[in-house]
Each structure stands twice: as structure tokens, then as C-alpha cells.
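For reference, the structure is listed below as C-alpha cells.
Source: prediction; values computed, not measured.
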Amino acid sequence: MIKQYFKQAIRLLTENKLLSVISILGTALAICMIMVIVILYVVNTAGFKPEVNRGRSYYFNSVMSEGKEDGRCIRLQPADTLHDE
């Protein structure tokens, strides 16, 4: 039964070569794009070894230092959106 399915698939691939190539390349490209998206998502959200507590981090957009040498004042401007990972 399985041999019959493979024979039919090979016959279909040889009959419509252009359509077969387009279908195979389109499927391969779609799978590749999905894999890249999933890998990027995992890398951005997962806590790897140096950044295990990444979700507990507090991010700053800028640090400003004002004043003279004797009386310094440092202002921290927190990030508008925190990374919830």
C-alpha cells in the first residue's frame, strides 16, 4: 500500500515538473521562515545562562548627570515599556 503511494507521488512529480518545483520550494521556504520566527522568539524571551533573571531586570533609556563636582545629581529616566519575559 505504501509502495503504491510512493509510486503515485513520483508519477505526479514527473508529470508536472514546474508545478512540483514551485510547490516544493514554496513549502520549504514556508517551513524555513516559521523556523526562523520561532528561533528568534525563543532567543528573545528565554532566559539563557547569563540572563536567567531577565524578566526581573529594570531598563533605563538614559542617565543624566547634573551639577558641579562637589554636588552631583544623577537622574535616571526609566524605560517606557519594560520587557515582560
Side-chain angles (χ1 to χ4, degrees):
M1 190 75 166
I2 294 176
K3 289 181 181 180
Q4 186 65 26
Y5 289 144
F6 282 120
K7 287 180 183 178
Q8 287 177 351
I10 290 173
R11 283 188 200 134
L12 272 171
L13 290 175
T14 56
E15 283 179 11
N16 301 321
K17 292 181 182 180
L18 180 64
L19 184 64
S20 300
V21 169
I22 292 172
S23 297
I24 292 171
L25 289 178
T27 304
L29 183 63
I31 291 172
C32 181
M33 289 176 62
I34 290 172
M35 287 175 57
V36 168
I37 290 170
V38 168
I39 289 171
L40 287 175
Y41 176 76
V42 168
V43 166
N44 287 334
T45 58
F48 292 108
K49 199 63 165 174
E51 301 175 347
V52 174
N53 295 323
R54 187 178 207 183
R56 295 173 55 191
S57 299
Y58 195 71
Y59 296 93
F60 294 98
N61 284 338
S62 63
V63 177
M64 299 172 63
S65 176
E66 297 176 355
K68 297 183 180 180
E69 291 183 27
D70 53 298
R72 292 220 179 253
C73 176
I74 297 176
R75 294 183 184 174
L76 302 174
Q77 183 179 6
D80 294 335
T81 57
L82 295 177
H83 299 282
D84 296 332
E85 290 134 8

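In the hydrophobic clustering, Leu13 connects to Ile24, either directly or through intervening members, whenever side-chain heavy atoms lie under 4.5 Å apart. Through direct or indirect side-chain contacts shorter than 4.5 Å among Ile, Leu, Val, Met, Phe, Trp and Tyr, Leu25 is connected to Val21.
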All N/O donor-acceptor pairs, side-chain side in residues 29-40, below 3.5 Å, sequence neighbours left out:
none

